[in-house]
Structures are given as structure tokens and as C-alpha cells.
Amino acid sequence: MNGMGEVRQIDTATRILDAAEALFVEHGFEATSMRMITQRAEVNLAAVNYHFGSKDALFQGVFTRRLTPLTQLAVQSLDKLETAAKGEPLSVDAIMHAFMDAALDIAHDPKRGGVIFVRLLSRTFIEAHPVLRESLPRHYEELVGRYASATAKALPHIDPVELQWRLNFAFSAIFNAFAGNNILRLFVSDPVVNARAPRLIATYLVPFVVAGLTAPAIAAGTSPDVNRA
């Protein structure tokens, strides 16, 4: 194949990925049809099948092409802090800012997906689609492990089980916020909250998350018996 043909193939695949990414953010995975994708990308179904084979494979392609830069950036951000700390525990505020700064860098870089990918990532976690349930642990193992370890070192007095609950709530809040969900719209006709501004979200979100992670530990013996649930 000559160089011109290779460029055309690359351009077609990229157009399909870009179209699918935008539609998944707008409508979700289930509500996005292959017809919608082909119309947005201005290609036929045969081109999608040639490059990706199936809607599930296309979804994975959309997700994985953006995930690696975010993972690398977030881990590098934490690396720099831990190197500078020379073995001392980081503050929870610094840990959360390390992750948030990486997300904001991606959100403000259109070449790496920009805010569209941040919202796609958030939607993916909220919807927890089966297509990604098996692949997510492989992609996120290092990222989650590093941030969980740093947080545990910063909060040695928190029971490991309780800390997992706190991290679960913390990252749920982060991804929900970046998904652009404005819950207040259900109850307030004109809320001042701008759920579409990543940097503004981070400004208010980090102190909220840090406060939850650093709250006083649950007193020993007061935790509910999960076996009775």
C-alpha cells in the first residue's frame, strides 16, 4: 500500500473514533447506534467493520486510545511528588491535586481528547458497561494501586476497609462531577453550579473530597455488620 493509501486509512479510522467518542458522550453507549456513528463520521458500515469489527471493539478502541496518556500523566504527577518528599507521606490534598491536575491537563488538550474524553471516562465509570469490566482492571491497576498506597501512607490511622470505602466515595464523586452531571437541576430551576467547566469543578471538588478522606475515623466497634445486609 502506498503512503497516500495509508494516510486515508488512518484518517478514516480516526474519524470513526472521533465520531463514536462524541456520540458516546452525548447519548451513552447503548443509545448510540452504528448508523449514528457512520453518519457522523461520513463513512459506510463496511468501513467501521473493516477497522474495528464490532461496536464493542469500537468502544474499546475509543476508550483505550485516550486512557494511556491519562494513566501515565497521573502516575508521573504522583512520582514527582513522592520523589520530592523523599519517603515522607504526602498530604491527602497533594495526592488529590496530583490526580486532578492530570485530568485537567487532558481536559485542556484537544489532541489527547480534551474535555470530551474526560466526560467519556466519567460516563464509563457511571454506566459500568460490560465491554470494559474486564479490561478496566488491567488499564488501571498501577494507577489505582499507586494512589491507594499513597493515601494509605498519608492516613495510617484509618482502617484499610474504611479507607477503601472512602476512596470509593472519593473517586465516585470525582468521576460523577467530571461527567457533567448537575444534580441540582432536578430541584433548582436555575442553579449557579456550572457542571461543564472542568477547572471550576476541580476548584470546589478537591476540598470536598479531601475533607471526606481525612474525616475522623469511625469509632472501633461501630461499623455495621456487612454480613447482616
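Values reported hereafter were calculated over all heavy atoms of this structure, with side chains retained and with hydrogens, waters and symmetry mates removed. This is a predicted model, so every value here is computed, not measured.
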Taking side chain to side chain contact (heavy atoms under 4.5 Å, CB included) as the test, write out the residues that go with Asn168, two or more places apart. Ser172

Can a donor-acceptor pair be found, under 3.5 Å and without considering hydrogens, that links the side chain of [X] to the backbone of [Y]?
X	Y	value
Glu162	Ile218	yes
Lys55	Thr32	yes
Arg15	Ala41	yes
Tyr147	Ala74	yes
Thr83	Asp79	yes
Thr38	Arg35	yes

Rounded to the nearest 0.5 Å, what separation is found between the CG atom of Leu78 and the CD atom of Glu142? 10.0 Å

As an exercise, state the distance from CD of Gln39 to OG of Ser33, rounded to the nearest 0.5 Å. 7.5 Å

Under the side chain to side chain donor-acceptor pair (under 3.5 Å) test, which residues partner Glu42, sequence neighbours left out? none

By side chain to side chain donor-acceptor pair (under 3.5 Å), Asp101 pairs with (sequence neighbours left out) none

Tell me whether Leu17 is reachable from Met34 by hopping between hydrophobic residues (I, L, V, M, F, W, Y) whose side-chain heavy atoms are closer than 4.5 Å. yes

For residues [X] and [Y], report the shortest heavy-atom separation together with the two atoms involved.
X	Y	value
Thr12	Ala47	CG2-CB, 4.3 Å
His51	Ala13	ND1-CB, 3.7 Å
Val161	Asp159	N-OD2, 2.9 Å
Ala150	Glu82	CB-OE2, 3.8 Å

Donor-acceptor pairs under 3.5 angstrom involving side-chain atoms of residues 18-26: please list them, not counting sequence neighbours.
unit_1	atom_1	unit_2	atom_2	d
Asp18	OD1	Arg65	NH1	3.3
Asp18	OD1	Arg65	NH2	2.6
Glu21	OE1	Arg66	NH2	3.2
Glu21	OE2	Arg66	NE	2.9
Glu26	OE1	Arg40	NH2	3.3
Glu26	OE2	Arg40	NH2	3.4

Side-chain donor-acceptor pairs under 3.5 Å in residues 85-99, sequence neighbours left out?
unit_1	atom_1	unit_2	atom_2	d
Ser91	OG	Ala94	N	3.0
Asp93	OD2	His97	ND1	3.2
His97	ND1	Asp93	O	3.1

Please set out all donor-acceptor pairs under 3.5 angstrom arising from side-chain atoms of residues 202-216, sequence neighbours excluded.
unit_1	atom_1	unit_2	atom_2	d
Thr203	OG1	Arg199	O	2.9
Thr214	OG1	Val210	O	2.7

